[in-house]
Amino acid sequence: MQAWRAKEKALQLLRGHPADSYNKLPKYFYILEKTYPGSVVKLKKTTDECFLYAFVALCTSISGCEYYRPVVVVDGTLLKTTYMGIMLTAITMDAAGTILPLAYAVVDSENDTSWKWFFEQFKQTYGERTSMCVVSDRN
């Protein structure tokens with residue numbers, strides 16, 4: 001047990017505390033917006049300034065959206081970290097059959113509220129296509 005605690009303390013000194021990572025998100029999003037102009041990055045916090053949702057859609061995916069197939073596949077996966085959470089992703093294929101990421105989000109849990117927020121951000125970013133089909137394992 002003493003060796004494990006020493007290892008954990010060394011990792012914390014080396015990497016920092018996991019909670020400090022959330023404080024770096026606004027800076028990371030600022031750098032993303034400056035490096036990739038036209039990208040959409042959104043960060044939603046609770047009323048007491050705690051992390052709730054984060055959404056990212058890079059400009060390269062947004063600029064070519066009219067050339068993608070009108071089928072978007074969305075799914076969520078569990079993040080195995082200290083604070084847990086869910087990563088939601090939206091992907092599609094181009095005419096050559098290449099899989100392309102459209103957007104991703106990190107949310108607190110896979111519930112109706114987080115999915116609704118993700119789809120609202122996705123719709124604001126990509127707009128509506130009349131022939132678009134969204135495939136998901138959610139109802």
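What's counted below: heavy atoms across the whole structure, side chains too, no hydrogens, waters or symmetry copies.
In this structure, V106 and F51 have side chains that are in contact, with non-hydrogen atoms separated by less than 4.5 Å. Here the side chains of I91 and D75 are not in contact, with every heavy-atom distance at 4.5 Å or above. Under the 4.5 Å side-chain criterion, counting only non-hydrogen atoms from C-beta, F55 is in contact with W117. The shortest side-chain heavy-atom distance between L43 and P26 falls under the 4.5 Å cut-off. Within the 4.5 Å cutoff, the side chain of W4 has heavy atoms near those of the E8 side chain. Side-chain contact between F29 and V56 is present, with at least one heavy-atom pair separated by less than 4.5 Å.
Taking all atoms of both residues into account, the shortest heavy-atom contact from S61 to Y68 is O-OH, 2.9 Å. In this structure, V74 and A90 approach most closely via the heavy-atom pair CG1-CB, 3.7 Å. Contact between P37 and C59 at its shortest, heavy atoms only, is O-CB, 3.3 Å.
Rounded to the nearest 0.5 Å, atoms NZ (K45) and CG (L25) are 8.5 Å apart. Taken from CG in L14 to NZ in K7, the straight-line distance is 12.0 Å, to the nearest 0.5 Å. The OG1 atom of T47 lies 10.0 Å from the CG atom of L52; values are rounded to the nearest 0.5 Å. One distance of note links OH of Y53 with OG1 of T46; it measures 10.5 Å at 0.5 Å rounding. The distance from atom OH of Y104 to atom OG1 of T77, rounded to the nearest 0.5 Å, is 15.0 Å. Taken to the nearest 0.5 Å, the CG atom of D108 stands 9.0 Å off from the CD1 atom of I86.
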I'd like to know whether M1 forms a side-chain contact (heavy atoms from CB on, under 4.5 Å) with R5, so could you lay out the CA-CA distance, the side-chain angles of the two residues, the decisive distance to 0.1 Å, and finally the verdict. CA-CA 6 Å; M1 192 63 181; R5 282 194 301 264; 3.2 Å; yes

Could you walk me through whether Y30 and K34 pass the side-chain contact (heavy atoms from CB on, under 4.5 Å) test, one step at a time? CA-CA 6 Å; Y30 174 79; K34 293 300 177 189; 3.5 Å; yes

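Put simply, the residue from I62, V72, V40, T92 that forms a side-chain contact (heavy atoms from CB on, under 4.5 Å) with Y126 is I62.
A continuous path of hydrophobic side-chain contacts links V135 to M93 [ILVMFWY only; heavy atoms under 4.5 Å]. Linking Ile, Leu, Val, Met, Phe, Trp and Tyr residues whenever their side-chain heavy atoms come within less than 4.5 Å places V134 and W115 in a single cluster. Both Y28 and L79 belong to a common hydrophobic cluster when Ile, Leu, Val, Met, Phe, Trp and Tyr are linked at side-chain heavy-atom distances under 4.5 angstrom. A single hydrophobic cluster is not seen to contain both L78 and V73; linkage of ILVMFWY side chains at heavy-atom distances under 4.5 Å, directly or through other members, places them apart.
T35 contributes a side-chain N or O that, together with a main-chain N or O of I31, makes up a donor-acceptor pair within less than 3.5 Å. The backbone N or O of S109 lies less than 3.5 Å from a partner atom in the side chain of S114, making a donor-acceptor pair.
Heavy-atom neighbours of I99 CD1 from other residues, nucleotides or ligands within 6.0 Å: at or below the threshold of 12.
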